[in-house]
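What follows is a single structure, written as structure tokens, with notes after it.
Only a predicted model underlies this, so the values are computations on that prediction, with no experimental measurement involved. Note that ligands are numbered from 1 as they come in the structure, with each ligand's atoms numbered from 1 the same way.
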Amino acid sequence: MAQKVILSGMRPTGRLHLGNYVGVLANWVKLQNEYRCFFEVADWHVLTTGYEDTSGIGRDGVDVVIDWLAAGIDPEVSVVFVQSDVKEHAELHLLLSMLVSVARLQRNPTIKEQVRDLGLSDQVMYGHLGYPVLQAADILMYRAHAVPVGEDQLPHLEITREIARRFNMLYGEVFPVPEPLLTKFARLPGLDGKRMSKSMGNVILLSDSEEEIAKKVMTAITDPEKIRMGDPGHPEICNIFAYHTRFNPGEVGNLEARCRSGEQGCVDCKKLCASVLSDHLAPIRQKRAEYEADLDQVKVILEDGADRAHDEATKTINMVRRVMKLSR
Ligand code: TRP
């Protein structure tokens, strides 16, 4: 039987952090052997809110791809490409935009949140409202069966599913209705215990050096009730404990017991955490540096990815034109 297809993407907004890795990227790396994978740098999506200053988009896209490759995305196995290199996305986006109402897009909780957070009120751009339609075009273009994403993307994916059903009903079965694939260990807290996010300044980057990691981990907030050595701690509310759970599974039971009894001091626990994180990220950091030093290689990978994505996109768009009677 033919392998099932996955498509996923990220907006290029610069270097990735440990939260992106744990929430999405590590999952992508695992899925590569089970599915036929397409991984997309969603540069047009950045424009929906970042249309004024577009100067960094190209370089940010390269940075994000370097993080993917360094973390273990294999460009021989998976198709790694940039959205704007495959123009068929624009055509499919236009056609799908006929199948979803403005009211439905306005009800999208992610848009509502952004409108509130960015203070847009009635200033929402036409393209911004269509964000999930562009995303639907990304996914349906590769006739994906599944989409590995974080929980925050579920409202968008629901719109993709509705559009796929609508299209199939009106014109004929072209698109599988894609399922979300959520990561089990989805959320990693930031250094301050809140959600890890670049805008919060609480991140550990995949590209951080050993020294940077050590410095950041030492400043992390732990259990506020554990002030001095000997105080019993509450691992369940400690972000350093969350890091140990994910990256130091062999020792976490022991650390937990020692923290609760008060034997384990936070400084030593942090030192151990920093060294575990640094060891885990060392191979990623090294591979990253190799790609950094050979950007031509990244360019070749993206050209090859664009060709392979384009082949698949051509097949889909031809099917779409045919069932919609747009081809003569
Ligand atoms: N909206 C996604 C994000 O913000 C990026 C994205 C664009 C995407 N196209 C996609 C994710 C298709 C999954 C599938 O991260």
Side-chain angles (χ1 to χ4, degrees), residues 4-17 19-28 31-32 35-50 57 60-61 63-65 67-68 71 73 78-90 92-93 96-97 100 105 108-114 117-118 127-164 175-183 186-187 195-199 203 305 309 312-313 316:
K4 293 215 165 167
V5 175
I6 271 182
L7 176 124
S8 196
M10 286 187 201
R11 275 169 301 155
T13 50
R15 298 185 171 194
L16 298 182
H17 56 68
N20 302 129
Y21 177 70
V22 166
V24 181
L25 189 52
N27 201 24
W28 287 9
L31 292 166
Q32 290 185 102
Y35 293 82
R36 180 153 185 248
C37 292
F38 293 85
F39 297 122
E40 176 198 274
V41 177
D43 56 348
W44 283 343
H45 275 101
V46 174
L47 300 175
T48 60
T49 50
I57 293 188
D60 284 347
D63 254 336
V64 91
V65 166
D67 276 333
W68 294 355
I73 297 295
S78 302
V79 180
V80 176
F81 70 102
V82 179
Q83 183 181 39
S84 63
D85 281 342
V86 185
K87 314 299 179 206
E88 284 78 5
H89 287 242
L92 189 57
H93 168 252
L96 299 181
S97 75
V100 60
L105 296 174
N108 175 14
T110 313
I111 276 276
K112 282 194 184 161
E113 232 170 76
Q114 284 179 335
D117 294 352
L118 303 173
H128 188 186
L129 195 61
Y131 185 110
V133 188
L134 186 57
Q135 185 159 341
D138 296 340
I139 296 166
L140 299 180
M141 185 63 91
Y142 303 92
R143 279 165 282 133
H145 301 92
V147 187
V149 281
E151 254 182 359
D152 60 312
Q153 296 293 310
L154 290 179
H156 290 328
L157 196 61
E158 198 43 49
I159 294 178
T160 299
R161 291 163 55 83
E162 288 170 23
I163 292 176
F175 300 119
V177 177
E179 302 285 341
L181 280 183
L182 290 176
T183 316
R187 274 265 159 103
R195 190 171 70 90
M196 194 180 279
S197 153
K198 271 243 271 294
S199 59
V203 305
E312 200 56 38
T316 303

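The Arg11 neighbourhood of ligand 1 comprises atoms 3 (C), 4 (O), with distances under 4.0 Å to a heavy atom of that residue. For ligand 1, the atoms closer than 4.0 angstrom to any heavy atom of Ile139 are 12 (C), 14 (C). Close contacts of ligand 1 with Gln153, meaning ligand atoms under 4.0 Å from a residue heavy atom, involve 1 (N), 2 (C), 3 (C), 4 (O), 15 (O). Atoms of ligand 1 lying under 4.0 Å from any heavy atom of Val149, numbered from 1 in the order shown and given with element: 13 (C). Close contacts between ligand 1 and Ala42 involve ligand atoms 7 (C) [criterion: under 4.0 Å to a heavy atom]. Close approach of ligand 1 to Val147 (heavy-atom distance below 4.0 Å) involves ligand atoms 13 (C), 14 (C).
Comment: Lys4 does not engage Glu179 in a salt bridge, judged by the lack of any side-chain N to carboxylate O separation of less than 4.0 angstrom.
For the pair Asn27 (side chain) and Val24 (backbone), a donor-acceptor distance under 3.5 Å is absent. His89 places no side-chain N or O within donor-acceptor distance of the main-chain N or O of Ala137, the cut-off being under 3.5 Å. Between the side chain of Glu312 and the backbone N or O of Tyr142 there is no donor-acceptor pair closer than 3.5 Å.
The shortest heavy-atom distance from Gln83 to ligand 1 is not under 4.0 Å.
Between the choices Glu40, Gln135, His45, the shortest heavy-atom distance to atom 8 (C) of ligand 1 belongs to Gln135.
The shortest N/O to N/O separation between Asp138 and ligand 1 falls below 3.5 Å.
Checking Thr160, Val5, Ile6 one by one against Pro178, the side chain to side chain contact (heavy atoms under 4.5 Å, CB included) holds for a single residue, Thr160.
With values rounded to the nearest 0.5 angstrom, Leu96 atom CG is found 12.5 Å from Gln135 atom CD.
Nearest heavy-atom pair across Cys37 and Leu31 is SG-O, 3.8 Å.
When non-hydrogen atoms are compared, ligand 1 lies under 4.0 Å from neither the backbone nor the side chain of Leu134.
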